[in-house]
There are 2 protein chains.
Amino acid sequence: MATQRVPQATAERLPLYYRSLQRLVDNGKTRISSSDFGKIVQIDSTTIRKDFSYFGALGRKGYGYNTQHLLEFLRKTLYQDELSKVILIGVGHLGTALLNHNFERNNNTRIVRAYDINPEKAGKEIGGTKIHLMDELAKTDNSDITAAILTVPAERAQEAAEQAMASGIRGFLNFSPVRLTLPPDVYVRHVDMTVELQALIYFLNHSMEEKQNK
Amino acid sequence: MATQRVPQATAERLPLYYRSLQRLVDNGKTRISSSDFGKIVQIDSTTIRKDFSYFGALGRKGYGYNTQHLLEFLRKTLYQDELSKVILIGVGHLGTALLNHNFERNNNTRIVRAYDINPEKAGKEIGGTKIHLMDELAKTDNSDITAAILTVPAERAQEAAEQAMASGIRGFLNFSPVRLTLPPDVYVRHVDMTVELQALIYFLNHSMEEKQNK
DNA sequence: CATCAATTGTTCCTATTTTCACAATCTTTG
DNA sequence: CAAAGATTGTGAAAATAGGAACAATTGATG
């Protein structure tokens, strides 16, 4: 396998490709060209072909890509053929929503436990997931857990992450706006709606200004 | 004002800078160097200085940046000195969480109305925000609304966006995984937890493999 | 089964983003 | 108030990402 190093930008697009392909296969589509697929995911067809090419020749010239085949390839590449267990820390409004949602059907990820600092919430269940008291976290063996979803207030994010690390967790999806200080072998990704909305507002206003200057 | 064009990557970092500075000012810090700030936001200090430099000289050599001054500058640049009104479409689990949260205190963005297709939800209030029936959306004049938050199922996202557009909305924060087909003067940003989690899982597994090969 | 149309995989080029390196200049201190 | 130390702003280099162009090759067609 002459699998070159896959660029970060490519890797970050794979989940979108996977999702969109799932939908195509569900709708009975058996083949797709990079340019048709590009229209769906709104990415240039050259970029798509190059992305796939890092993994070898997945398509056929003059034909395009077999959706089923491509989907299976992506499923393996994204480790979606095995169940990924995650825990959730912080059962506030957002945490509750994620528990109720718990990563829809054809996605092989499950929140298996939740933790909260509030004793009133501990012991209860939301969406079939049991809530434990925060103190139990560090005592649990979580070495089979892929990642922790952090939906705690900003002030408590660092502390919560450290407790999760102590239990063996090496990946975080951080919904709080603070940047966590963690060892280099720990991987963190951020989701921040406030930041996204502010960026949106910035671009909206600035594209308007540009137009006025023309 | 020799304000060059601000690179997209820079613009996308501004909200993070703004948030982090808010926290510094709240804690009484009056000055900060680019390298100390870089540690907080986990961005190289050179990148920070260059980001700020697109807006002119905001710092003082040998001193660093005045946090209060910088915060005020960013507030204006991000249009946070005026209230941005947004609407929310789709009052499911996630939509409900966002309504209850409604963009914390020192953030000048408010969800002013919500819409849902379900007649049972219409008329009710969540977090002080009234829910309207979806049909009313296209009939409302929303030209004073900056953006719409889309928290509807994937199948309904395109349709919902079009109705919002008909009422005058030009910006979207799309929580559904589908890419919207909209005119070029409409701006869309995506937030997708499933995608983020899959990317996280990918990077976790692949950094492990890399280490094994050494 | 020869021709035409379609479409990939890939090379080369361009644009964007990040990082390095350092002169300029401000602050602090004795 | 002079010297030492700190830190910015920026030009140039390096790294990363995106896109145009096209040969190679496959599928479809009569």
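Each chain gets a letter, A, B and so on, in the order the sequences are listed, and its residues count up from 1.
In the region residues 9-25 of chain A, proximity to DNA chain D at under 4.0 angstrom, judged on heavy atoms, holds for Ala9(A), Arg13(A). Near DNA chain C, defined here as any heavy-atom distance below 4.0 Å, the residues from residues 29-43 of chain B are Arg31(B), listed numerically. Listed by residue number, Ala57(A), Leu58(A), Gly59(A), Arg60(A), Lys61(A), Gly62(A), Tyr63(A), Gly64(A), Tyr65(A) are the residues of residues 56-74 of chain A with a heavy-atom contact under 4.0 Å to DNA chain C.
Of all heavy-atom pairs spanning Leu14(B) and Tyr202(A), the tightest one is CD1-CE1, 4.1 Å.
No more than 12 heavy-atom neighbours from other residues, nucleotides or ligands sit within 6.0 angstrom of CZ on Arg156(A). The number of heavy atoms from other shown groups lying within 6.0 Å of CZ (Arg189(B)) is above 12.
With Tyr17(B) as the fixed residue, the ring-ring contact (aromatic ring centres under 6.0 Å, His included) test singles out one of Phe52(B), Tyr65(B), Phe55(B): Phe52(B).
If one axis is set at each end of the helix from dC1(C)-dG30(D) to dG30(C)-dC1(D) from five pairs, those axes are 20° apart, to 10°.
Extent of DNA chain C lying under 4.0 Å from chain B heavy atoms, first and last nucleotide in 5' to 3' order, is dT17(C) to dT28(C).
Nucleotide dA14(D) holds its P atom 14 Å from the NZ atom of Lys50(B), rounded to whole Å. The interatomic distance linking Arg49(B) (CZ) with dG11(D) (C1') rounds to 13 Å, in whole Å.
Contact check for Ile40(A) versus Ile32(A): side-chain heavy atoms found under the 4.5 Å cut-off.
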Quick test: give all pairs of protein nitrogen or oxygen and nucleotides 1-3 of chain D nitrogen or oxygen below 3.5 Å, distance rounded to 0.1 Å.
none

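In this model, a donor atom of one side chain and an acceptor atom of the other lie less than 3.5 Å apart for Asp44(B) and Thr46(B).
Interatomic distance, CZ of Arg60(B) versus CG of Asn66(B), reported as 7.0 Å (0.5 Å rounding).
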